[in-house]
Every structure is written in C-alpha cells, then in structure tokens.
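Take a look at the structure below.
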Protein chains: 2
Amino acid sequence: MPTKPRFRRRKEDRPNEITEAAFVEFSRKGYAATRVTDVCKRAGVSKGLLYLYFKTKEDLFKSVIRNFVVPQVDALKLAIESSPLPAEAFLRGPFLKLMQELVNSRAQTVIRLLIVEGPKHPDLTAYYCDHVIAEGSAVMQKLINKGVANREFVPSALQEFPQLLLGPVLISVVWKSLFERHRALDTDALIAAQLDLVLKAIKPTHAQEVTA
Amino acid sequence: MPTKPRFRRRKEDRPNEITEAAFVEFSRKGYAATRVTDVCKRAGVSKGLLYLYFKTKEDLFKSVIRNFVVPQVDALKLAIESSPLPAEAFLRGPFLKLMQELVNSRAQTVIRLLIVEGPKHPDLTAYYCDHVIAEGSAVMQKLINKGVANREFVPSALQEFPQLLLGPVLISVVWKSLFERHRALDTDALIAAQLDLVLKAIKPTHAQEVTA
DNA sequence: ATATTAGATGACCCGTTGGTCAGCAAGGGG
DNA sequence: CCCCTTGCTGACCAACGGGTCATCTAATAT
C-alpha cells in the first residue's frame, strides 16, 4: 500500500495561503515581532517554500497589505460613484454604514498595520497615500461639492477637509486596539454622531448668504 | 599633570539623561527597532550603567512614557479647570491653541508611540487609559455640559462623545508620521475646521426646542 | 518502469542584540 | 596620601530569527 504523500504540489494556492497566514500573524504581533517561522507553521509550509514565493520578510508584508487594499478600494470607489442618491441621503445611508463596517472588518487591522509599520516602508506608504488616501479624499470631496452645488449644503471647510468625516473612524480603530477591553466605546454611535453634527453644521436651515 | 578623568559620577542626572536619550531613539525607530546600545551611545553612557538604573528595555520604555505623560496631563487639567471663560470662547481660544500645539510638540511623538507600542504593554496602556483618556474626556465633557447648562449650546451627541473634538488631532498625528513629506496637510486648519463645524452644529442660532 | 523536472523540506549558518559581570577608577573620608 | 566605597565600564555570552542550500520526493513525460 502506498503511504500518504508527505505533501502535495500546489503551486497555485501557496502564495494565497501564505499571505493569509501572514495577515493573521502580522495583525496579532506586528511586523518586527512576527517570526517568519510562525507564518510558515500557520500556512502549513516550510520556510524554504515561503522564500520561494517571497524574496524577503518585507516583501511578504507588502504583499499582505497590497493584496488586501487594492480590491477593497476598487470596489469602494465604484460603489460610491455609481450611487444616484442625493448627497445627504448617501452620507446618512450607504456611507455611514460603510464607515461603521470599516471598524469591524479586516480593514481595521490593515489600517492599524499601516499606521504602525508605515514609517518603516516608505514605498508602501507612498503607494497607499496615492491610491487610498488621495482617491478616497477626491471622491468624498466630489460628493460634498455636489451637495453644495445643488444647495443641499452650504459652503464650508468640509469641502477642503473631507477627511474630517473619517476622524471618528480613526479614533475607533485606535481605541479598539488599545482600550477595547478596558473601556468600551460604541464606535457605531461615535461615527454616526460626527456625521450628524457635521450635517447639522452644513445644512442651510436658516437664512444664509451664499457668497460665490 | 592629572589626565582628564574618563567619566564623572553623576548618580542624580543619569536616569533623566538616559530617559531623554531613550525618548529620542524610541521616537525615531519604535520600540523593537531601537537598540539599547544606541540609547547608551546617545546618553554617553555604558550599557552596564543603563541596566543599573533600568531593569529591562521594557522598563526603560515605560519610564519614558510615564515621565512625559504625567506632568503634561497635570498641567493641562489645571489650565482647563481654572479658566473663567465661557465655553465657546474657551474652545475657540486656549483649547484650540492647545490642540494645535499637541500636533507640533513632543506629545505627537508620545501619542504615536502609544498607538504603536501600546498593545504590547497592557499595564502601560491601562495606566494611560485611566489617567489621560478618562480624565481628559471628563474635563471636556464638563466643559460642554457647562455650555449646554447656560444655553450657549444645544444638547447634542457631543455631550456623550467629547472625543469627537480630538478626531482631527489623531488624523494629524497619523498623517504627519506617514504622509507628511509625500503630501502636505495644514493640520492647524484641519483642527480649526472641525471645531468650527461642531460649534456651528451645537449653537442655537435658530428657533430650537430644548427638550429637558 | 524509468528519467526528469520542479515543488517542497528543514537543518544549518551567522549577524544581531538584550542582558551580565568581573573589574576599573572617581572622589570622599580618615 | 591611601583606601574603600560605589558609580561606572565594555568585553562577553546566549538566544533568537532571517535567510540559504543540499537534498528529497511528488508529479509528469517518455
């Protein structure tokens, strides 16, 4: 009888499996504290194999981030730009939901990893800056400007700083990673509160001059 | 002629000097990437001496954080609680200035260090949570509530989530550490914008029912 | 069956770094 | 002036972990 083979050849699946394992390990311990050996164990793979698919530990890390970020961002942009809702309805509906989910999904982990490890990987940061930050800001800006154009909103600093809407998302991510078990925070409510306050501030409820 | 002595005995000053050097090194490279030897070099001290005053590398790190945080927070609380200004004036004046300075001072570095290294040092995080976060929130809450009490402000979610005012501070800290050289951000304006928006939202400019 | 290719293994190498310790020297007291 | 205390030194150690490579074996071609 033929004994069970010690391993199978699965060239196609290995990179994904390793990336997935690396995601878990990096998330838990950060870049420096993660041992390549642990990633291998989790992926059920030997060290040699990992180094067949990834040149260095850093290369592995970058793959983890990029493989996660790219599809997310693309999906996101599409969703936002193809919505027919007016600005406020969109913000209070899909946009709010999206921000709230960000904090409870893998994105949270990725955001944290980028904050923590970013400074050590300048090219990765640059990539992220151009693709996620810049494009994200642009989309949000467009949305606000649209609202201003059809008198839904009054002109405000939010046009220049659309990131303000994401403040509570950042607070939530950081809070969860540091204080979650020590002191609870209702992140959904926090995010909703900021949106509500901002909308109150930029909606023209009372007589207001609009200077071109 | 007596040759210059190789070193002086300065028991009193050593801990501070080492802490100071450690602050610089930890700020630049983070905990894991900082070598104890480098801290020693910067402090002009041998490794043995460092380990005379600090039990481990981690102990040194905690000292750095605590030594910086404690006096800052105390001074801060005093300043806030002893101000006679009405709520809005205080927020637009000293409070705004303080938030803006936070981003350009050593506090920025400490905030970043805590975000990055916090999860690895639970007791340090707990300490920070109780002393800085909890007390800070309480003070801000008091301020907002005071404003609501004398009809300066309308009731709002800001009473429950005073942290919202700090959102842009966090954004600024993170931005500076990641993207500063790649894409500029006027952090002062960002922080001022958030304050302005929030104040617009909670000021009773038009007929508004106040439900007890 | 056998040969060949290439996916996969893991023992090993070696630079790095947190932490130690035997001993040196500053400087105050007798 | 000398001695003793103790602040201080830096060579050294041991563990650790990223990366390599000689080797093995599953799959495939002949």
Side-chain angles (χ1 to χ4, degrees), chain A residues 1-65 113 117 120-121 124, chain B residues 1-65 113 117 120-121 124:
Chain A
M1 102 180 238
T3 68
K4 219 182 251 173
R6 293 208 291 129
F7 56 83
R8 293 293 164 89
R9 294 181 163 196
R10 302 201 339 274
K11 187 179 176 160
E12 314 296 317
D13 307 331
R14 297 303 194 190
N16 279 340
E17 291 174 10
I18 294 170
T19 293
E20 177 65 24
F23 179 91
V24 175
E25 293 294 324
F26 283 139
S27 302
R28 293 197 184 166
K29 310 194 254 178
Y31 180 79
T34 293
R35 279 156 298 195
V36 173
T37 305
D38 289 348
V39 175
C40 293
K41 270 199 193 112
R42 176 170 298 274
V45 139
S46 71
K47 227 202 277 198
L49 190 63
L50 186 149
Y51 277 98
L52 194 66
Y53 294 110
F54 302 90
K55 265 219 308 288
T56 63
K57 186 185 180 189
E58 182 173 354
D59 186 46
L60 173 62
F61 179 70
K62 288 177 184 170
S63 289
V64 169
I65 300 291
L113 270 179
E117 311 295 347
K120 281 171 221 149
H121 311 275
L124 182 64
Chain B
M1 101 181 235
T3 69
K4 219 182 251 174
R6 289 208 294 129
F7 57 83
R8 294 292 164 90
R9 295 182 165 197
R10 302 201 336 274
K11 189 180 179 160
E12 315 295 319
D13 307 332
R14 297 304 193 189
N16 279 341
E17 290 175 11
I18 294 171
T19 293
E20 177 64 23
F23 179 90
V24 175
E25 293 295 324
F26 283 138
S27 303
R28 294 199 183 164
K29 311 194 251 176
Y31 180 79
T34 292
R35 279 156 298 194
V36 174
T37 306
D38 289 348
V39 175
C40 294
K41 269 199 195 108
R42 177 171 297 274
V45 140
S46 72
K47 229 205 279 197
L49 190 64
L50 187 151
Y51 277 97
L52 195 66
Y53 294 111
F54 302 91
K55 266 222 301 292
T56 64
K57 187 187 179 188
E58 182 174 353
D59 186 47
L60 173 62
F61 178 69
K62 289 177 183 170
S63 288
V64 169
I65 299 293
L113 270 178
E117 311 295 348
K120 283 173 221 148
H121 311 275
L124 182 65

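The sequence lines fix the lettering, A, B, ..., with proteins before strands; numbering per chain opens at 1.
- Atoms CZ (A:F54) and P (C:dA8) sit 13 Å apart, rounded to a whole Å.
- Between the P atom of D:dT9 and the NZ atom of B:K47 lies a distance of 14 Å, rounded to the nearest Å.
- When the C1' atom of D:dT9 is taken as reference, atom CZ of B:R10 falls 15 Å away, rounded to whole Å.
- Looking at heavy atoms from C-beta onward, A:R14 lies in side-chain contact with A:Y53 at the 4.5 angstrom threshold.
- Among the heavy atoms of the strands lying under 4.0 Å from B:K57 are primed sugar atoms or P, OP1, OP2 only; no base atom is included.
- Among the nucleotides D:dC8, C:dT17, C:dA8, the one closest to the side chain of A:F7 is C:dA8.
- Residue-level contact check: A:Y53 touches the backbone only, with heavy atoms under 4.0 Å from sugar-phosphate atoms and none from bases.
- Judged by distance alone, with hydrogens and angles left aside, the side-chain atoms of A:Y31 form a donor-acceptor pair with the main-chain N or O of A:E58 at under 3.5 Å.
- We find that CG of A:L52 is positioned 15 Å from C1' of D:dA26, with the value rounded to whole Å.
- Among the atoms of the strands shown, only primed sugar atoms or phosphate atoms (P, OP1, OP2) are found under 4.0 Å from some heavy atom of B:K11.
- In this structure, the NZ atom of B:K41 is 12 Å from the P atom of D:dG10, given to the nearest Å.
- Distance CG (B:L50) to C1' (C:dG18): 11 Å, rounded to an integer number of Å.
- Note: CZ (A:R8) to P (C:dT9) measures 13 Å, nearest angstrom.
- Between A:A33 and A:L49, the residue anchored closer to the 5' end of DNA chain D is A:A33, taking for each the nucleotide with the nearest heavy atom.
- Put simply, the side chain of B:T34 does not reach to within 4.5 Å of the side chain of B:F61, judged on heavy atoms.
- Residue B:R9 is classed as a base contact, given a heavy-atom separation below 4.0 Å to a base.
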